[in-house]
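Take a look at the structure set out below.
What's counted below: heavy atoms across the whole structure, side chains too, no hydrogens, waters or symmetry copies. Here is the naming used below: chain letters follow the sequence lines, and residue numbers restart at 1 for every chain. All values reported here derive from a predicted model rather than from experimental measurement.
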Amino acid sequence: MSDAPAAAPASLDFIREMIAADVAAQRNDGWVITRFPPEPNGYLHIGHAKSICLNFGLSLENAPKARCHLRFDDTNPTKEEVEYVDSIQEDVKWLGFDWGDHLFYASDYFEKLYGFAVQLIEKGLAYVDDQTPEEMRANRGTLTSPGTASPFRDRSAAENLDLFARMRAGEFAEGSKVLRAKIDMASPNMNMRDPAIYRILKAHHHRTGDAWSIYPMYDYAHPLSDALEGITHSLCTLEFEHHRPLYEWLIANVSGLPGQPYQREFARLNLTYTLMSKRKLLRLVKEGFVNGWDDPRMPTISGIRRRGYTPTAVRHFCKTIGLTKYPSLTELNLLEHCVREDLNKHAQRVYGVLRPIKVVITNYPAGQVEHVELTNNPENEADGKRLVPLSGELYIDADDFMETPVQGFHRLVPGGEVRLKYAFCIICQEVIKDEAGNIVELRCTYDDATRHGVKPVGRPKVKGTIHWVSAAHALDVEVRLYDKLFTEEQPEEAAGDAGDFTQFLNPQSLEVVTAKLEPSVAEAKPGSYYQFERVGYFYTDPKDSQPGKPVFNRTVALKDGFVKK
RNA sequence: UACCCCUUAGUGUAAUGGUAACAUAACAGAUUCUGACUCUGUUGUUCAAGGUUCGAGUCCUUGAGGGGUAGCCA
């Protein structure tokens, strides 16, 4: 799937408008430098894709005076792991973006950040607080009442310097002291009520090891890291809106910063039938509701990749949903539309029967096998053709036969006629059942005069065309039929505060069938995209497929224009 | 009952004081050796009330509704 990662959208969103104005005004000499700053504490999901497409997209759109950094915001060693660092890089690359040499870690700035903190202390803008976390919380006030100053708020710079140095040296226990910015305990913005900027954490960091026993807080590290990297536009989601004054306070009060970035916020992605919280996603994995972070039902990048979504489709989706400050809920359907749109252009067509019914063509010469030439992809003739065996014993899909048909059913019925695509028409003469009454076989006759799409004159029109697989040549293949993970559009909302979203897990989110596929798929390479004609799009599972023995994941079903009335 | 942000077809977005539109969804029809794709058409939209203006989705006021915020998480 090859379309280039995105030109600018036709009309500018509020962020792009702002940036265009900055460029026009030659702010930062016309440079646009953005960053995607994940904390390596989990796997990236489709919501992150929105941010990735924005930040890296901006860099592409504003070339050559633009770039986008990948920065790991690794300021909390208790939650972070290299496993996540690796997966995040893989996911960003898969989406089609490239950070070049601009891979950074907040932890690389620890020494500089420490120096800035010393500077703030010297300026009388930060102090060491000995209050317990409980006391701090109590004295912070509430949403409707101001906070109370800490008894330690007016320590001298000298004392603060000494204490902060000893915090770094590891002299104090975790939780016993914290460095706070001295701002305004009465601010209506809770973030400005002397926020903690350093805490004591005697934890092993995945990059700095045991070198530090204090770690900067996000609110402190982020703006300063942005400034150190020369970021011009720091874009984040809406819940950081209240952090903006603090961001600006730090940029204004720390001297010697090489850049003057500013922060703007946009609404995060919400998708129907989808959970986007890392914590809840973790629960699904940990409690075994899904099979790992890359389970094709997961909204993680690794999950949707394994499901068979394409980078082009995801990028196009991100462009389509736009960028606003309205906390919208996007229909999953739109994502699926983008996936089908891309796959329709590129997926190779094959015949596959998910729920086989045996069809015996009684007047077809016994033992005869012929080969029909089928188009691999009608959307792209260059994909060529293939030969598919046809014989007197076939499988068709159970969905394509109804013993007592409903209104509008165009496929095979007792005594009725249907076309086998690119073969001939058959008439169902007899339905054979076992003792339990299950259909085990359909006995049919074919009409040689109906080959090549011919409709003999004077015969009732055959409305249905169905796919088929030759029984003797069919491959038995494991196919995983994925459906939406939840039965509710908004599982969290539906569960309420006290409830548990897992009660809305869709029991039908995964069905594994042994399908009958045409023999050509024996050579299917892991990680390739297929359309099973009339059924859906399928992806060769990259983990579980073996040479000659592919396993397929259903990416998304084809739209079904047939609605039973 | 504090502060901040937001509100345009069912959903997601555009319209930058001058004809309310695009995508998707739904529904019709055409086409089709995929009930897909493609094509055509239909339904349906500015939260409310005032104000400014020749003219308001857009600016102002008030109200309503929604989201966010009280980690030594990010």
Exercise. Asp342(A) and His316(A): side-chain donor and acceptor closer than 3.5 Å?
Worked result: no
For this session: May I ask you to check whether His243(A) and Asp219(A) show a side-chain donor-acceptor distance below 3.5 Å?
Result: yes
Nearest whole Å is fine: how far is [N] [atom2] from [X] [atom1]?
X         : N      : atom1 : atom2 : value
Asp184(A) : C3(B)  : CG    : P     : 15 Å
Glu174(A) : G71(B) : CD    : P     : 19 Å
Asp226(A) : A74(B) : CG    : P     : 14 Å
Tyr127(A) : C72(B) : OH    : P     : 11 Å
Phe317(A) : A25(B) : CZ    : P     : 13 Å

Problem set entry | Candidates Tyr109(A), Tyr105(A), Phe104(A) - the one meeting ring-ring contact (aromatic ring centres under 6.0 Å, His included) with Phe72(A) |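 In the set Tyr109(A), Tyr105(A), Phe104(A), the residue that makes a ring-ring contact (aromatic ring centres under 6.0 Å, His included) with Phe72(A) is Tyr105(A).
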For this session: Using the salt bridge (charged side-chain N to carboxylate O under 4.0 Å, His left out) rule, take Lys421(A) and Glu533(A) through it: C-alpha gap first, then chi angles, then the decisive distance, then the call.
Result: CA-CA 10 Å; Lys421(A) 197 176 180 197; Glu533(A) 287 211 32; 2.5 Å; yes
Problem set entry | Residues which pass side-chain contact (heavy atoms from CB on, under 4.5 Å) with His337(A), listed by chain and number, not counting sequence neighbours | Glu341(A)
Problem set entry | Contacts of type side-chain contact (heavy atoms from CB on, under 4.5 Å), residue Val413(A), not counting sequence neighbours | Pro405(A), Phe409(A)
May I ask you to say what [X] touches in the nucleic acid, namely base, sugar-phosphate or nothing, with a heavy-atom cut-off under 4.0 Å?
X         : value
Thr237(A) : nothing
Leu201(A) : nothing
His222(A) : nothing
Glu39(A)  : sugar-phosphate
Asn189(A) : nothing
Met136(A) : base
Thr324(A) : sugar-phosphate
Glu134(A) : nothing
His337(A) : sugar-phosphate
Tyr198(A) : nothing

Problem set entry | Position toward the 5' end of RNA chain B (nearest nucleotide), Asp219(A) or Phe14(A) |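 Taking each residue's closest nucleotide, the earlier one in sequence belongs to Phe14(A).
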For this session: Select from Val178(A) and Lys50(A) the residue whose nearest nucleotide in RNA chain B is closer to the 5' end of that strand.
Result: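 Looking at RNA chain B, the more 5' nearest nucleotide goes with Lys50(A).
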Please report the distance separating the [atom1] of [N] from the corresponding atom of [M], rounded so that it comes out in whole Å.
N      : M      : atom1 : value
G10(B) : U46(B) : C1'   : 16 Å
U19(B) : U24(B) : P     : 25 Å
C33(B) : U43(B) : C1'   : 34 Å
U69(B) : U1(B)  : C1'   : 15 Å
G65(B) : G35(B) : P     : 50 Å
A9(B)  : C27(B) : C1'   : 15 Å
A14(B) : G57(B) : C1'   : 11 Å
G51(B) : A56(B) : P     : 12 Å

For this session: At under 4.0 Å between heavy atoms, which parts of nucleotides 29-34 of chain B does protein reach? Answer with one letter per nucleotide, 5' to 3': B base, S sugar-phosphate only, - none.
Result: ----BB
For this session: Under 4.0 Å from any atom of RNA chain B, heavy atoms only: list the residues of residues 138-151 of chain A that qualify, in numerical order.
Result: Arg140(A), Thr142(A), Leu143(A), Thr144(A)
For this session: Would you jot down, in residue-number order, the residues of residues 263-272 of chain A having a non-hydrogen atom under 4.0 Å from RNA chain B?
Result: none
Could you check which of [options] has an atom nearest any side-chain atom of [X]?
X         : options                : value
Asp73(A)  : A25(B), A14(B), A74(B) : A74(B)
Lys325(A) : C6(B), A14(B), U13(B)  : C6(B)
Glu331(A) : U11(B), A74(B), G68(B) : U11(B)
Tyr326(A) : G67(B), U16(B), U7(B)  : U7(B)

Problem set entry | Those residues that, when tested against Tyr351(A), pass ring-ring contact (aromatic ring centres under 6.0 Å, His included) (two or more places apart) |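 So Tyr351(A) forms a ring-ring contact (aromatic ring centres under 6.0 Å, His included) with Trp468(A).
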Exercise. Of all residues at least two apart in sequence or in a different chain, which pass the ring-ring contact (aromatic ring centres under 6.0 Å, His included) check with Tyr262(A)?
Worked result: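 With neighbours one apart ignored, the set is His233(A).
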Exercise. Hey, are Arg268(A) and Glu239(A) close enough for a salt bridge, meaning a charged N less than 4.0 Å from a carboxylate O?
Worked result: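 Looking at Arg268(A) and Glu239(A), the cut-off is met.
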By the salt bridge (Lys or Arg N to Asp or Glu O under 4.0 Å) test, which pairs, at least two apart or in different chains, include something from [range]?
range                       : answer
residues 187-196 of chain A : Arg153(A)-Asp194(A)
residues 175-185 of chain A : Asp129(A)-Arg180(A), Asp130(A)-Lys177(A), Asp154(A)-Lys182(A)
residues 371-390 of chain A : Arg386(A)-Glu518(A)

May I ask you to check whether [X] and [Y] place their ring centers less than 6.0 Å from one another?
X         : Y         : value
Phe110(A) : Tyr198(A) : no
Tyr84(A)  : Tyr43(A)  : yes
Phe116(A) : Tyr220(A) : no
Phe538(A) : Phe532(A) : yes

For this session: Hunt down any stem RNA chain B takes part in, defined as 3 or more consecutive Watson-Crick or G-U pairs whose two distances are each under 3.5 Å.
Result: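 So the stems come out as B:2-7 with B:64-69, B:10-13 with B:21-24, B:26-30 with B:38-42, B:47-51 with B:59-63.
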Distance criterion of 3.5 Å, no angle test: do you see the side chain of [X] paired donor-to-acceptor with the base of [N]?
X         : N      : answer
Glu17(A)  : U16(B) : yes
Arg411(A) : G35(B) : yes
Glu239(A) : G67(B) : no

For this session: Go through the structure and list residues passing salt bridge (Lys or Arg N to Asp or Glu O under 4.0 Å) with Glu336(A), not counting sequence neighbours.
Result: none
Exercise. Quick one: is A74(B) close enough that its OP1 or OP2 comes under 4.0 Å of any side-chain N or O from Arg279(A)?
Worked result: no
Exercise. Hey, does the side chain of Lys559(A) come within less than 4.0 Å of C37(B)'s phosphate (OP1/OP2), counting only N and O?
Worked result: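 For C37(B), OP1 or OP2 has a side-chain N or O of Lys559(A) closer than 4.0 Å.
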